[in-house]
Structures are given as structure tokens and as C-alpha cells.
Amino acid sequence: MKKQFTLIMLGLLMPFLAWTQVPRMLLSENFTSTTCGPCAAQNPAYDALLNANQDKITSIKYHVPIPVTGDPMFLHNTIDNNARRNYYNVNSAPHLYMSGNLFHGMPIQVSQAMITNYAANNPSPFEIIINHRLSDDQDSVYVAMLIRADEPVSGNLVAHIAVIEKHVSFTSPPGPNGETQFHNVMKALIPSRSGTVLPDFDEGDYHIIEAAWELANVYDINEIAAVGFVQDNTSKHVHQAANSSAELFDPLFANDATVKAVSNATSMNCSGTMEPVIEIANYGASPLTSATIEFFVNSESVHSMNWTGSLEFLQKATLEVDEFEFFLQDENTLEVVITTANGGSDDYPKNNIMTYEFLQSPNINGEPV
């Protein structure tokens, strides 16, 4: 029996809550170096200004090879530091970008009035809440970032997470400029330096991004934290930023299952059969104990499975799916849909689907290649 995915989603959709607009947390992305004399001259006053405005602005310090290489905090992660340097085409230090496109220049040019005015006059359409925690053996940090829209937002949206070391203190200068105190030093960009691509948001839409980093070249493990932000890659505007907390944020809904990933599905298919592996997660406050997952290929229902178990908030389960058959076309779309959670409807069905595009394998002399 052929089913249309749109009919299923219409049956599951529920009204979403409206959220009051949240104040903007500005983001300062600083490019600095222990080899840079003007950096040593300007950083102390700017760090003091940042410290006095912790409710309005946060920062990430990228250490760069300007004017010369040799900064140990640059050498610890040259790829990620250079990624943001190249993103803004930075060729001088000290240099900073405030919320992407609100201001760029030297730290000495930033004033209290500028921070106050930018924060007050640019309300954000997003709320961001971030949690970080160290692994039990303290060799990795795990970060979860919740992004929720207060109003419709569209564009070339990307979410970024920077693992930082909040304070690095040296007894003697690690570079020729004499600095010994460093703040919000970028250690890694996770899950990747290019960020996580986001879809357009309707009011009330939300996404959770989870990532991890194996600690390397950390001076003080107690200073590890994270800064997250949402940026439009076209305008480079940073819509919102946030600092992480060790306290886990609360779920938004009681009953909320999600499809996290689809694997073991090749981009080319010649058999008209598939045995995908899927990952589901619980984003709800109630433990997830059962779910029905349906599989559609080109809008036709081809398989259904029932899962039982027990997942607390943010816990995941990997499911191996029995082989199923389908009519293979030149271009194909697999849709994995959670149709019921805990025996009923899901409170937030928008994250219940994941799609995977694949092609029919070409044939040579009647044989697939």
C-alpha cells in the first residue's frame, strides 16, 4: 500500500510554543599572537573590557602566525586557527571581528558604548544554550548545543562550536612580545572547522548539535569550556553566541524522539535492496522506551520496524535494519521516519525524519558497475 510521507507528517504536526525574543550575546573573534608587539599592548585593556561585559559579549582568541610563526597556541592547532583567519581574510594582528559583520578592527577601537549599543540594538532571533562535560577519564570533552528560533530565520546558516581554554597562564613569556596571560584560547573547532549546516527555521524550531574533542595540548583541564554561535555564511553576520555551562539544559518537550543518522546506505544501488543502519536519540524529558520507524523509498512505504529499549535525554541507540526491497529508479530518496514514540504521537515531529539520496548504478553490457 502506497503512503505519502506528507500525510503522515500532517497527522503528527502539533502547534509549537512561541518564545520571547532573547537578548543578543555579541561575539568577539580575536586574532592575536605571542609574536605580535601591538597585541601585547592592546590585549590587557580589551580583556578587561570583555570581563566587564560578560553578560553582553563573549570571545574566542585565535592565535595566528603574524608577524611570524612561533606562538605555541597557534602551533597546537594550525588548521583550525588558520580556518577562521582565512574565513575573514585576516592578514594583520591584533584584529577582531564583532559578531561577524558589526565591526572589525583593532581592540583599541572598541569602547564600552559600542558594546552596549550593539548588544541593546540588535536583538537576536535565536536562543542558544550549551553544555560541556569532561569524560569520566578526563581525556575528552563532550559538548551539546541547543539552538531555538524565536522567529522565522532563513539564510546560509551554519552553527559553530569552539572548545576554548578560558585562562592560560605562563610563568615566563612563551613569545617575544612579553605576554604571559591569555584568555578564551581556541583549542578546537568541533565537529568540524566548517561548522554544521542548518536549515531555515520557522518560529519555535530547534536543533541540538552534539560533538566531542579528545583533549590535546591543554594547560589546565579545569579551564576547558566552549563557545557556540550561529552565523550566516553569506553576510558573515553572527545571529547569536553563547558560553557553555557544566549544567545540562532542560528538554523542550516531554515526548521527543529523533533520527540522528543513516549509514550503510551507498550512494549507488544496483540491487533494489538495502540494509541501512540508523541512529535514533531521545530529546524528550520522558524516557524513550519504544518507537515505530517506517522506511519510504520514493514516497512508497517499503519497511516498518518496532524498537523497544530505554533512552534517557540525549542518549542514543544504533539499530540494524532488516533488508528490504524497493523499486529502483534512476534517482531515489530514502526517508526514515519515526511515526510513533512511546506508543503515541511525538511532541515535536519536525526532527522525526532523515532523508538519504542515492542513484541507480549504471549498467555496462547488462551488468551493474
Side-chain angles (χ1 to χ4, degrees), residues 3 5-22 124-133 142-153 159 161 196 198-212 226 228 230 240 242 244-262 278-296 304-319 321 335-355:
K3 299 180 181 178
F5 165 72
T6 52
L7 294 178
I8 292 175
M9 292 303 290
L10 285 173
L12 291 173
L13 283 173
M14 297 175 64
F16 298 113
L17 296 174
W19 307 93
T20 57
Q21 197 170 50
V22 295
S124 175
F126 289 111
E127 178 182 5
I128 299 178
I129 311 173
I130 312 174
N131 163 257
H132 75 269
R133 67 176 179 86
Y142 300 98
V143 181
M145 178 165 69
L146 185 150
I147 304 164
R148 180 175 60 195
D150 176 62
E151 60 188 57
V153 188
I161 299 172
T196 301
L198 298 172
D200 292 344
F201 285 73
D202 291 326
E203 181 182 343
D205 284 357
Y206 86 96
H207 290 271
I208 292 177
I209 298 170
E210 298 174 83
V230 173
Q240 182 66 299
S244 68
S245 166
E247 182 178 350
L248 183 61
F249 49 79
D250 293 327
L252 300 183
F253 300 94
N255 209 34
D256 186 7
T258 184
V259 183
K260 287 282 291 182
V262 177
I278 65 170
E279 184 179 64
I280 63 172
N282 180 25
Y283 283 174
S286 300
L288 182 66
T289 58
S290 66
T292 301
I293 303 111
E294 294 202 32
F295 299 80
F296 299 81
S304 179
M305 67 178 295
N306 294 313
W307 169 85
T308 58
S310 182
L311 298 178
E312 298 295 330
F313 178 49
L314 295 184
Q315 288 186 336
K316 306 171 188 65
T318 300
L319 314 180
V321 183
E335 296 169 331
V336 182
V337 188
I338 296 176
T339 54
T340 68
N342 289 335
S345 60
D346 192 298
D347 292 337
Y348 185 78
K350 283 196 171 184
N351 60 9
N352 287 18
I353 178 174
M354 181 162 285
T355 61

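When all heavy atoms of Leu288 and Asn282 are compared, the closest pair comes out as N-ND2, 3.5 Å. Heavy atoms only, all atoms of each residue included: Tyr142 and Ala212 are closest at CD2-CB, 3.5 Å. Of all the heavy atoms in Gly228 and Ile128, the pair that sits closest is O-CD1, 4.4 Å. Nearest heavy atoms, Asp347 versus Ala254: OD2-N, 3.5 Å. Between Ala144 and Phe249, the closest heavy-atom pair is O-CE2, 3.5 Å. Minimum heavy-atom separation, Ala261 to Met354: CA-SD, 3.6 Å.
Looking at Lys316, its side chain does come within 3.5 Å of a backbone N or O of Leu314 through a donor-acceptor pair. Under a 3.5 Å cut-off, the side chain of Asn131 and the backbone N or O of Val143 do not form any donor-acceptor pair.
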Start with the C-alpha distance between Thr289 and Asn342, add both sets of side-chain angles, then the distance that settles side chain to side chain donor-acceptor pair (under 3.5 Å), and finish with yes or no. CA-CA 6 Å; Thr289 58; Asn342 289 335; 3.1 Å; yes
Which is it for Lys350 and Asp202 under the side chain to side chain contact (heavy atoms under 4.5 Å, CB included) test, yes or no, and what are the steps along the way? CA-CA 11 Å; Lys350 283 196 171 184; Asp202 291 326; 2.9 Å; yes
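Side-chain atoms of Thr292 and Asn306 form a donor-acceptor pair, as typed in the model, at a separation below 3.5 Å.
For the pair Asp205 and Arg148, the salt-bridge criterion is not met [side-chain N within less than 4.0 Å of a carboxylate O].
Here Asp256 pairs with Tyr206, Phe253, Tyr283, Asp346, Tyr348, Asn351 under the side-chain contact (heavy atoms from CB on, under 4.5 Å) rule; sequence neighbours left out.
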